[in-house]
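Per chain, numbering begins at 1; letters A, B, ... match sequence-line order.
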Number of protein chains: 2
Amino acid sequence: MPNLTGQDEREEISHAIPYPTIRRMPAYHRYLKGLQSDGLAMVSCTRIAESLDLEPIQVRKDLAMTGTVGRPRIGYPVDALIGAIETVLGWDRWSEAFLVGAGNLGSAILGYRAFKAIGLNIVAAFDIDPRRVGKMIHDVPVLAMEKLANLARRMKIRIGVITVPAEAAEDAAKALVRGGIEAIWNFSPLALTGLHVGKDVIIENVSLASSLAVLIRRLGQTKAAQP
Amino acid sequence: MPNLTGQDEREEISHAIPYPTIRRMPAYHRYLKGLQSDGLAMVSCTRIAESLDLEPIQVRKDLAMTGTVGRPRIGYPVDALIGAIETVLGWDRWSEAFLVGAGNLGSAILGYRAFKAIGLNIVAAFDIDPRRVGKMIHDVPVLAMEKLANLARRMKIRIGVITVPAEAAEDAAKALVRGGIEAIWNFSPLALTGLHVGKDVIIENVSLASSLAVLIRRLGQTKAAQP
DNA sequence: TCGATATCGATAGTATAATATCGATATCGG
DNA sequence: CCGATATCGATATTATACTATCGATATCGA
Ligand SMILES: NC(=O)c1ccc[n+]([C@@H]2O[C@H](COP(=O)([O-])OP(=O)(O)OC[C@H]3O[C@@H](n4cnc5c(N)ncnc54)[C@H](O)[C@@H]3O)[C@@H](O)[C@H]2O)c1
Ligand SMILES: NC(=O)c1ccc[n+]([C@@H]2O[C@H](COP(=O)([O-])OP(=O)(O)OC[C@H]3O[C@@H](n4cnc5c(N)ncnc54)[C@H](O)[C@@H]3O)[C@@H](O)[C@H]2O)c1
C-alpha cells in the first residue's frame, strides 16, 4: 500500500490539512495579495468563493485549517490570512534546489524568479551536454553532472528539479539521490516512483499530459453534446 | 454550484469515467508503450501497479473504464489497451491550438513536439511585444495580438494556451474567447474562472505552485519527524 | 489429464472530500 | 438603542474515490 499522502504516524494538528486544501492555498494567497494591495483589510468567504469559483463552505473549511479566525458578518483579516497561508505552505523560508536538464523547459524554469517567493530557490543547474556546461542561464550556473552529488551534499541541498527527457529521468533522479536529495520535482513524462529512487524520497510528478488529458476530454464532451 | 466535472445531463457510458482515472491514463499509456516496444503482448494489473506505484485494484478499475477485457491469469492485451486509452483521451485525432505569450515558458512549450502526440498541435503563437512578433519560434510563427480573434475564427481553433504574466492573463483569455475558442489551458498563476471568460468556456489551470506546495509540505513533514 | 494458482470482474465496504444545515454572533442601518 | 441580516463555526449529510473480498476462469506445470 503506497503512502501517497506522505503522512506518518506521529501526526500534528497542522498535519491534518488535506492535500486538496493545500493545493487550493496558492490561489487563495494570490487572491488575498491582490486585496491587500487594494488596501482591503477584511474579506468574507463568500467573496473569495465567488472570485475563485468555489463554494463558500469549502473556502471556510480551508481557511479554518490555517488557524485564522474570522468574525461574523465581517470576514477574515487579510493580512493574517496571508501570513497563515505562508506558514502552512512553508513559504516563509525557501529551500535551495538543484535543477537537472538545462534545456528548453529547464531554462524557462531557471528564468522564473517567482519560484523563490514560493519556497524554491534554484542555485545551480546540471546538464550532460558539454556545450551547455560552463554557461550561465538566467544567472544560474550550468555545471557538469559529475559535480552534482558532491556539491549537493556539501550544500545540503534537499530538493531536485528534473527537466531532462523521459529516457534520462531515472538517471537524473538517481544522481540527485546520490547527492542526498530528499525530494524531487519531476517534469518529465516518466512517472517516477519509489522503485526508481528508493522509498523514502518524496516525489512530485507534474504530468502536464494529465492536465491536458482532462482538458481535451472535457472539450470532447461538449462537442458530443451538440450532435 | 460550479460544475467542476464538466458533465452535463445527457451522459453516455464513456462519460462515467472519473477524472482521477483520466489523469492516470497518460501514465498507463506511456508504460504500455514501453512494454509494446519490448515486444510484450499481454500484461497484468499486478505488474502495471507495481511499476507505477498504484494498487492493482485501482489499475483494474481504471482499465475496465476503457472497455478492454482481460483474461484471468494472463492479463490484458497491450496493443488493445493502448488503442483504447488513446480513444478515451482523444489522442487519436489532435486539435489545433493557439498560444498567447511567446516568452520563456511559451517558447519551451512551442518547442515540445510531444504535445502533438497527445492531442495538441500549436499552430501559431501571439505576443504583445513587437520585438517578438514576426519571428519564428521552433517553426511556429509569432503573430500580433490584433490578428488573434479573426484568425482563430477562420481556422476554427478550439484550444488556447496562455503563457503570459498573471497581470495579462485575463486579457489574453478574453482575446482567445473573442476568437471563439472553447477551451483554455492556462499556465499563469492567476486562476482563471468563468467570471473572467464566460461560463461555457472550459478552463484548465495548471498551477505549478500547487504542485510545488504539496512537495514542500511533504518535505516539511519529514523534517518535523526527525527532531 | 488434472489440480494448483494467478488474475480477472463483480460486489461490498471504507475513507476521504465536498456540501448542506443551523445556531451563534456582532455589525450595521434605522 | 435594537432588530434585521450577513457571516462564522460546528455538526451532519452526501458524494466520490479508493480499497478489500470472493467466486469464476483458464493457464501452466506436474
Ligand atoms: N518543453 C516543454 O514544454 C515540456 C512540457 C512538458 C514536459 N516536458 C518535459 O520536460 C523535459 C525537458 O523538456 P525540454 O523541452 O526542455 O527538452 P530539451 O531537450 O530542450 O532539454 C533536455 C535537457 O536535458 C539534458 N539532458 C539529457 N540527458 C541528460 C542526462 N542524462 N543528464 C543530464 N542532462 C541531460 C539535455 O542536454 C538538454 O539540455 C522532457 O522530459 C519533456 O518531456 C517539457
Ligand atoms: N517560466 C516558468 O518556468 C513558469 C513557471 C510557472 C508559471 N509560469 C507562468 O507562465 C507565464 C509566462 O512565464 P514566462 O517565464 O514565460 O514569462 P515571460 O516574461 O518570459 O513571457 C511572457 C510573454 O508574454 C508576453 N505578453 C505580456 N503581456 C501580454 C499580453 N497582454 N498579450 C500577449 N502577450 C503578452 C510578453 O511579451 C512575453 O513574451 C507567467 O504567468 C508565469 O507566471 C512560468
Side-chain angles (χ1 to χ4, degrees), chain A residues 1-7 9 11 13 15-25 27-28 32 35 40-78 80-81 84 210 214 217, chain B residues 1-7 9 11 13 15-25 27-28 32 35 40-78 80-81 84 210 214 217:
Chain A
M1 185 191 337
N3 187 356
L4 293 171
T5 60
Q7 65 189 26
E9 276 60 36
E11 49 190 335
I13 303 159
H15 187 268
I17 303 184
Y19 281 95
T21 296
I22 295 289
R23 274 189 281 271
R24 284 187 290 270
M25 291 276 182
Y28 294 137
L32 292 167
L35 297 183
L40 213 46
M42 307 290 286
V43 64
S44 72
C45 285
T46 319
R47 180 108 88 102
I48 298 174
E50 223 165 52
S51 300
L52 299 180
D53 198 19
L54 298 167
E55 295 296 324
I57 307 102
Q58 177 98 81
V59 176
R60 194 171 301 128
K61 280 197 109 184
D62 286 343
L63 298 186
M65 290 293 174
T66 68
T68 316
V69 338
R71 281 159 55 188
R73 188 158 182 123
I74 296 296
Y76 298 84
V78 174
L81 266 186
S210 295
V214 170
R217 178 131 245 271
Chain B
M1 186 191 335
N3 188 355
L4 293 171
T5 61
Q7 66 189 25
E9 276 60 34
E11 48 189 338
I13 303 158
H15 187 271
I17 303 183
Y19 282 95
T21 295
I22 296 290
R23 274 188 282 271
R24 282 186 291 268
M25 290 277 181
Y28 294 138
L32 292 167
L35 296 183
L40 213 46
M42 306 290 285
V43 64
S44 72
C45 286
T46 319
R47 181 108 88 101
I48 299 175
E50 223 164 53
S51 300
L52 299 181
D53 197 20
L54 297 167
E55 295 296 323
I57 307 102
Q58 177 95 80
V59 176
R60 194 170 302 128
K61 281 198 107 185
D62 285 343
L63 298 186
M65 290 293 174
T66 68
T68 315
V69 338
R71 280 159 55 189
R73 187 159 184 122
I74 296 294
Y76 299 84
V78 174
L81 266 186
S210 295
V214 170
R217 177 133 248 270

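- In the set D/dT7, D/dG9, C/dT19, C/dT19 carries the atom at the smallest distance from any side-chain atom of A/Glu55.
- The CE atom of B/Met42 sits 18 Å away from the P atom of C/dA6 (whole-angstrom rounding).
- Of the candidate nucleotides D/dC18, D/dT25, D/dT7, D/dT7 has the atom lying nearest to any side-chain atom of A/Ser44.
- Nearest-nucleotide mapping onto DNA chain C: of A/Thr21 and B/Ile57, the residue sitting toward the 5' end is B/Ile57.
- The shortest distance between the side-chain N/O atoms of B/Arg71 and the OP1/OP2 oxygens of C/dC8 is not below 4.0 Å.
- Partners of A/Arg60 under the side chain to side chain donor-acceptor pair (under 3.5 Å) rule, at least two apart in sequence or in another chain, do not exist in this structure.
- Counting all heavy atoms, side chain and backbone alike, A/Thr68 lies closest to A/Tyr76 at O-CE2, 3.9 Å.
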**Message:** Show me the dot-bracket string of DNA chain D, counting Watson-Crick or G-U pairs under 3.5 Å, with | for pairs to another strand and [ ] for crossing ones.
**Reply:** ||||||||||||||||||||||||||||||
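- Heavy atoms of B/Arg24 sit under 4.0 angstrom from primed sugar atoms or phosphate atoms, though from no base atom.
- Listed nucleotides: D/dT7, D/dA17, C/dT27. Nearest to the side chain of A/Ile74: C/dT27.
- Side-chain contact check for A/Leu40 versus A/Arg47: some heavy-atom pair is nearer than 4.5 Å.
- Between the C1' atom of D/dC18 and the CG atom of B/Asp62 lies a distance of 10 Å, rounded to the nearest Å.
- Spacing between atom CD1 of B/Ile17 and atom P of D/dC18 amounts to 14 Å, rounded to whole angstrom units.
- Nearest heavy atoms, A/Ile17 versus A/Met65: CD1-O, 3.8 Å.
- Atom CG in A/Leu81 sits roughly 10 Å away from atom P in D/dC8 (whole-Å rounding).
- Of the residues near DNA chain D, A/Cys45 and A/Lys61, the one whose nearest nucleotide (by heavy atom distance) lies more toward the 5' end is A/Cys45.
- Spacing between atom CD1 of B/Ile22 and atom P of D/dT16 amounts to 16 Å, rounded to whole angstrom units.
- No hydrogens or angles were tested; on distance alone, a donor-acceptor pair under 3.5 Å links the side chain of B/Arg73 to the base of C/dT5.
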